[in-house]
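Please read the structure below before turning to the comments.
Remember, predicted model here, so these are calculated numbers, not experimental data. Within every chain, numbering begins at 1; the chains are lettered A, B, ... in the order of the sequence lines, protein sequences first and strands thereafter.
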2 protein chains.
Amino acid sequence: MTVQERKRTRGGGRAGNARRGSTHAIQQMPWSQPVNIDRPTEPLSQDGVQAIHETAMRILEEIGIEFLNDEARRYLKDAGCTIEGENVRMDRDWVMEMVGKAPTEFTITPRNPKHRLTIGGRNMAFVNVSSPPNVMDLDRGRRIGDFESFKDFMKLTQYFNCIHVAGGYPVEPVDIHASIRHLDCLYEKLTLTDKVVHAYSLGPERVDDVIEMARIATGLSDEDFESEARLYTNINSSSPLKHDWPMLDGAMRFAKRGQPVIVTPFTLAGAMAPVTMPGAVAQSVAEALAAIALFQFIRPGVGCVMGSFTSNVDMKSGAPAFGTPEYVRATQMTGQMARFYGLPMRASNACAANAPDGQAMWESSNSLWAAVNSGVNVVYHAAGWLEGGLIASYEKFVMDCELLQQFQRYMAPEITATTAGDLAYDAIKEVGPTGHFFGTQHTQDRYETAFYSPFLSDWRNYEAWQEDGAVWTAERANRTWKAILAEYQPPAIDPAIDEELQAFVARRKEEGGAPTDF
Amino acid sequence: MTVQERKRTRGGGRAGNARRGSTHAIQQMPWSQPVNIDRPTEPLSQDGVQAIHETAMRILEEIGIEFLNDEARRYLKDAGCTIEGENVRMDRDWVMEMVGKAPTEFTITPRNPKHRLTIGGRNMAFVNVSSPPNVMDLDRGRRIGDFESFKDFMKLTQYFNCIHVAGGYPVEPVDIHASIRHLDCLYEKLTLTDKVVHAYSLGPERVDDVIEMARIATGLSDEDFESEARLYTNINSSSPLKHDWPMLDGAMRFAKRGQPVIVTPFTLAGAMAPVTMPGAVAQSVAEALAAIALFQFIRPGVGCVMGSFTSNVDMKSGAPAFGTPEYVRATQMTGQMARFYGLPMRASNACAANAPDGQAMWESSNSLWAAVNSGVNVVYHAAGWLEGGLIASYEKFVMDCELLQQFQRYMAPEITATTAGDLAYDAIKEVGPTGHFFGTQHTQDRYETAFYSPFLSDWRNYEAWQEDGAVWTAERANRTWKAILAEYQPPAIDPAIDEELQAFVARRKEEGGAPTDF
């Protein structure tokens, strides 16, 4: 489907924005960014935090990190680091000085300013599933990702108010050639959603293209665009102890333009990191700090986030495991370290399950509870992940959003407020030992908003559920995503901006897009 | 099946105890009682705790609780409480004085002293599913509970090391007449398991029978038996603000003999309690303290546990909901109150789902995380609950045990220890930027015990899972319980004690068992 065809098919949708809200596949909670009111769970003592810090510093000072990027090494040389080939060793004072320049919280403002996010502090943001090569639903089974499913997930990302960020590609659309994939994908992201978008650090041309497209989408001048953070990138180190060229190149481009960078080492304990979780965390922290120090040297004050992807492998099969007890503790320890360094933190809603079933949900619940009790700010893959990130699942996306909404509600301070009305002494006295609370004025005044109302959970008794077909959760989720896609309407966009985006995509395609070696 | 028939069929099993451990349906963690090392999540400020305390005290002082039991009211009159008909009002100083006599922790020693439990402090104990009228499995669907399924669940209860208590009947065996049901059930509980058992407070004859049977099972004299806590009962208030006759009668019998009592108000917000969670918690606390004060007056120092069953109803259907955000917060608030009063606390692994699917597991995960982050000591219905407690599910039992094991592992302090070996600096240096950790000595020394090893989770990649039949979690659990029941062996028991138990049951059956009105 060409841009022109897409333009035609979308005209009605765009014009039809006034109809939004007239139909509802589900009743969902309004947009809001949850503020985590819980004190984090901290398994490390202050000595334990110091011990991991000391280990991370020794890694940076004595072992060093490989920076496979000339420009990065030139910066680091200018900063006084010790360079030997690709190995860079850093003095701890310099690292701490640089990391100290990073803000503890910052905002990202997308083309719709109502969807501005605060990253850091006690704020949480939920990111859609990012980067699986495969897509799955109950009707069609697992298959290679394509552009249609990419767009479906973008629509789900926009639809659910509990999803705050359109992160990486929810699934790789391999039916689009890699040279122009970023153009088509960013066009869809920027028009099917109006939330904060991520862009991959996959080469200079792609990074410059997507930043320019994000700028066009805002309708701002270069200068106004760069006056604030508007989008972000996420880079992974190539653990152990290595940062690759394109990731560094892209992240430096982002940093130079004041756009935030999340640095997420992928430290599977027992594989790319020590088998002991504190060791894996120390290595992850060292890898993250090394890159963050570089970005702060290049652009002091640019938003940087310490990512955590420390989990364990199954020592029988070598397969990665997620949502495990060790994963939860690693996330909590990394949370302590991120707070120690004054950095916002990223983790994930990760699971290893191959189907949207019980295992998927207990692993996801463990990961989400870990995010909450570790003080995580950015929750990647918050909806839709299966098979350790190799599958984007339509049904899991919907099921995860039910959980995310519950966590949003869980953070509402009014649940535990203790005003006289909350304590309800008068209602208890009025009802006495023989009555029922439903009829009281106290209840009538509050019942519509007193409790979380699910869109997917079935709370009816067995008989009612049975009569209605005894539909299990994954099947209900299957119905829900279909209903959502049927009613989806894209967010409003100025037609002139849409045209400019399309023109940019068309021009860059004519120029051949980004270079590839195939 | 008569006791004599049972004796015959069991002879081989008992004699075959030496074979235990020779076959394994699953590889599970060893028996241990988890010690919760996490600091609890406390949504209430100290002022909030005081406000709920003040409300509870005003309920006890000004509104009063109905005690539908003459003996209880006589005790309370002797204690100086104000009695009007069945209403009892209590002075807060007296309540606090009585509650202050309850131990913050105590032990319960079953017939196998290796399964002794400490209740309170930071200790956790997991209780099997208790009291559903229905039983369900994937092969036979939902059906009314019977004695065969009762015994199956008792076998699962004994088999899983992560289940510490054989609580209430895991399912009501309605094919046994109510007059003798307690005799057959307790005989099975005491012989199919050797863990701490619960007995219902359902009338004097039943309570006396089961305490006597528990005594016989230990082989101890009356005096030696009562020198320690050996079993316990759990009573529910008839919310709002009422304690019924049989519950009080049974609990007082337990207390007099030094056997612990859990008091669990069933305060569904919006139905039997205020629609506001702090109000529902205040009412629950008042109902629990009223009974605990009575038991401490009767037997100072007897073990008492503050139970919580505060959740919300679905305001659309009136159906109870569990594992909700409001449930989690109510449990956390009750945890704060229990610590304020110095009492151990009970909550549950509750869910509203009708099938062992995704919803069941996210609701159970929420409930179990609530137990952990509220500092709960006794987790009822830890394995097997569905449909708000109306179904005991074979598959859910197995799935829940996978979660319970993960929580047991999560509590292992070694995961976050920071010795030099844990920090792994030398291993990181040895591997450097190009290696892999699997081959290192550091990994080889630790990999067998480094990570939690699941018995039900499938961590293989999609291809391997697919080739093996693409079996979803509930179906895997179905296979697991069948394998467990096939290999189950009862715990050792002295044949003389078994005979004495059987003789007791036979005699009491001849005498007609307990009186019933049908």
Side-chain angles (χ1 to χ4, degrees), chain A residues 38 41 43 48 51 55 58 63 66 240-242 274-279 282-283 312 314-315 319 321 324-326 329 352 354-355 357-359 361-362 365 369 387 399 403 406 409-410 415-416 418 422-425 427-429 431 433 443 446-447 450-452 457 459 461-462 465 472-473, chain B residues 38 41 43 48 51 55 58 63 66 240-242 270 274-279 282-283 312 314-315 319 321 324-326 329 352 354-355 357-359 361-362 365 369 387 399 403 406 409-410 415-416 418 422-425 427-429 431 433 443 446-447 450-452 457 459 462 465 472-473:
Chain A
D38 287 356
T41 301
T55 307
R58 286 187 66 199
I63 304 175
E66 295 203 353
L241 307 180
K242 200 184 306 176
V275 75
T276 47
M277 304 317 285
Q283 182 186 312
N312 56 293
D314 177 2
M315 294 309 274
T324 63
E326 292 80 14
R329 288 297 186 199
N354 290 303
D357 64 357
Q359 179 188 334
M361 296 326 286
W362 77 58
S365 288
W369 275 105
E387 200 203 356
M399 292 162 74
L403 265 77
Q406 290 183 50
R409 167 65 183 167
Y410 170 75
I415 304 176
T416 56
T418 52
D422 297 307
L423 294 164
Y425 175 81
I428 294 168
K429 187 167 188 178
V431 170
T443 301
R446 292 167 176 83
Y447 80 93
F451 308 134
Y452 173 70
S457 296
W459 287 349
N461 65 22
Y462 188 88
W465 176 76
W472 285 37
T473 305
Chain B
D38 288 354
T41 300
T55 306
R58 286 187 68 199
I63 303 175
E66 295 202 354
L241 307 181
K242 201 184 304 177
V275 74
T276 47
M277 305 316 285
Q283 182 186 311
N312 56 292
D314 177 2
M315 294 309 273
T324 63
E326 292 79 14
R329 288 297 186 198
N354 291 303
D357 63 356
Q359 180 188 333
M361 298 325 286
W362 77 59
S365 289
W369 275 105
E387 200 202 355
M399 292 161 75
L403 264 77
Q406 290 184 50
R409 167 65 183 165
Y410 169 75
I415 304 175
T416 56
T418 52
D422 297 307
L423 293 164
Y425 175 82
I428 294 168
K429 186 168 187 175
V431 171
T443 301
R446 292 166 176 82
Y447 81 93
F451 308 134
Y452 173 70
S457 296
W459 287 348
Y462 188 89
W465 175 77
W472 286 38
T473 305

Are B:I428 and A:L241 packed together at the side-chain level, in the sense that at least one heavy-atom pair is separated by less than 4.5 angstrom? yes

Can you name the nearest heavy-atom pair linking [X] to [Y], along with the distance?
X	Y	result
A:S365	B:S365	CB-CB, 3.3 Å
B:V275	A:Y447	CG2-CA, 4.3 Å
B:W362	A:M361	CE3-CE, 3.7 Å
A:Y425	B:R58	CE2-NH2, 3.2 Å

Looking at [options], which makes the most heavy-atom pairs under 4.5 Å with chain B?
options	answer
A:G48, A:A51, A:A352	A:A51
A:D38, A:N461, A:D422	A:D422
A:M399, A:K429, A:R446, A:E387	A:E387
A:V431, A:T324, A:L403	A:L403

Given heavy-atom pairs under 4.5 angstrom as the criterion, report whether the side chain, backbone, both or neither of B:T443 touches chain A. both

What option among B:A424, B:P274, B:A355 has the most heavy-atom pairs under 4.5 Å with chain A? B:P274

Under 4.5 Å from a heavy atom of chain B, the part of [X] involved:
X	value
A:K242	side chain
A:T41	side chain
A:E66	side chain

Can you measure from [atom1] ([X]) to [atom2] ([Y]) and round to the nearest 0.5 angstrom?
X	Y	atom1	atom2	result
A:M277	B:I415	CE	CD1	8.5 Å
A:L423	B:Q283	CG	CD	12.5 Å
A:N354	B:W459	CG	CH2	13.0 Å

Pairing residues for B:P325 by the side chain to side chain contact (heavy atoms under 4.5 Å, CB included) criterion, not counting sequence neighbours: A:Q406, A:R409, A:Y410, A:Y452

N/O donor-acceptor pair under 3.5 Å between B:D357 side chain and A:T473 backbone: yes

Hits for ring-ring contact (aromatic ring centres under 6.0 Å, His included) against A:Y462, two or more places apart or cross-chain, chain-then-number order -> A:W465

